[in-house]
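Here is the structure we will look at, set down as structure tokens.
Since this is a predicted model, take the numbers as computed values, not measurements. To find a chain, count down the sequence lines: A is the first, B the second, and so on, and within it residues start at 1.
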Amino acid sequence: MRTAKSLGWQVKWVSNITDVGHLTQDDFADAGGEDRMEKALKSKEGEQFANVWALAEFYTQAYLEDWRRLNLLEPDVRPKATQHVREQIVMTQELVKSGHAYETPTGVYFDIDSKPDYGKLSGNTRDKLLEGVRDVVLDENKRQQSDFALWKKDDKHLMQWYSPWGWGFPGWHIECSAMARAYLGDTIDLHSGGEDNAFPHHECEIAQSESFTGKPFATHWFHVRFLQVEGEKMAKSSGNFYTVRDLVDQGYDPLAIRYALMSVPYGKPMNFTIQLLKDATGNVERFRECWRRVGAAIGTGPNPSTNPDLATHLGQAYSGALAAMCDDLNTSVAIAKVLEGAKAILRDPLDGSTARAATAYLEKVESLLGIAPEPRVAGAEEPSPDPLVGTKRVSQWINERALAKQAKDFALADSIRESLFAEGIEIRDTPDGTDWIRKR
RNA sequence: GGCGCCGUGCCCAAGUGGUUAAGGGAACGGUCUGCAAAACCGUCAUUCAGCGGUUCGAAUCCGCUCGGCGCCUCCA
């Protein structure tokens, strides 16, 4: 999305929230088992919620909070599945009318034989799927076991709607077809998702939508590979997963999490490790340092030791990064290019003119990759220019330390530095005196 | 059983037929400093899991072997 916008494209981005309960066994062949949300509600954690709607809302908010912390752009629309049940019912009705779906005593099912190219996205063919069918629930009423549910009849379900087939709830693929069409039309340009969704979910979306509209559903797809964690598969059952909030609570920089996740291209399997996160932190800091230098130099007069070619170098670095992103979102190369620019900014002193060029560069890098937000913009309130630490202000501590240094009392000077550091204040001695920065 | 991915320096990783195999981290050496921190400079793979083949030429194509992993259950 950032790449498209950086290219000047007009984009409409829809990211949905699935707030209707999927079933524990809603694989392609059937939709059976217990409702996931109902199950969650019955768990210990679920006791705090009045009903499934409250539970869905709670996790929706948590999700949005993590989303923002990772500096992800906000989509144009965030539809909820529960707000589009009407469209889902209409689509299902039409699919029945046109012979792509049929009603059984338990629900409405899509007939995959009515869509000969079913499986074209994942490479699964109808016949191979039949061979691969494992111990799924057999439903005698379905024409074949690979047919998937569009509607489930169930008047006991916690979330239920009235339909031409009585009370029940939608199958777990139809929501996306309905929402995609509602906001993006019959054919969409780019559809993404996790690799686990390629089959069956996206395959079923294609079948439903194309059978309904008679047009191609999506012209481009990309599937993000799963993460491993510390060399192992990340799974709830094994408990070896990190959440964004856990990592942030442990003091890791959310931007470093973002950077680490971007350091491997989306299509490659990635092993997320704490080491990787630590490696990322320094580079995120490097961009913050760029902003500090720019802030200090903006508006100053010409400096003979500034690099007159800086603007040109930055232009090249940015072009390289943009080209890399255009090459199937090659984030590894894009980051490498963008770092070249950061190093160029830090190499030589800035003056008013080069600081302006650097600002423009940093803003473009932020737009493209989201790893270099301007610090002032990120924090709403302006931090105190000379905060109180313990009994004294930072400037007073620095003066005291300077006196100690003059008296060659380095033990005292170092202890002042260390206690400030413990409060998140990092001391930097420069030829022009002592500066400090607030470490996050 | 079906579909698919990966193996590049101590670690992460780009490169997928042709000048010196990007970049980051770590480490080491240096500039600066009372010492640090930050920043910068330098060093760090004649070699790309192994074997065989195609080619004037391969990390890149083909085959085999070894090793790791994913989807088709919960998971994101």
Under 4.0 angstrom between Arg401(A) side-chain N/O and C35(B) OP1 or OP2: no
Whole angstrom value for the distance that separates P of A13(B) from CD of Gln275(A): 13 Å
Distance in angstrom units between Leu227(A) CG and C6(B) P, rounded: 17 Å
Residue-phosphate contact under 4.0 Å: Arg293(A) side-chain N/O, C40(B) OP1/OP2: no
Whole angstrom value for the distance that separates C1' of G34(B) from CZ of Phe410(A): 4 Å
Any Lys405(A) side-chain nitrogen or oxygen under 4.0 Å from OP1 or OP2 of U33(B): no
NZ/NE/NH1/NH2 to OD/OE distance under 4.0 Å, Arg292(A) and Glu285(A): yes
Base G34(B) to side chain Asp414(A), donor-acceptor N/O within 3.5 Å cut-off: yes
No-H, no-angle donor-acceptor pair, Arg417(A) side chain to A36(B) base, under 3.5 Å: yes
Under-3.5 Å donor-acceptor pair between Asn271(A) side chain and C6(B) base: no
Touch class at under 4.0 angstrom, heavy-atom based, for Leu346(A) against every strand present: sugar-phosphate
Side-chain N,O (Asn330(A)) to OP1/OP2 (A22(B)) below 4.0 Å: no
N or O in side chain of Arg347(A) less than 4.0 angstrom from C41(B) OP1/OP2: yes
Ring center gap for His191(A) and Phe217(A) short of 6.0 angstrom: yes
Side-chain N,O (Lys343(A)) to OP1/OP2 (G24(B)) below 4.0 Å: yes
Atom pair distance, as rounded to whole Å: CZ in Arg428(A) and C1' in A36(B): 12 Å
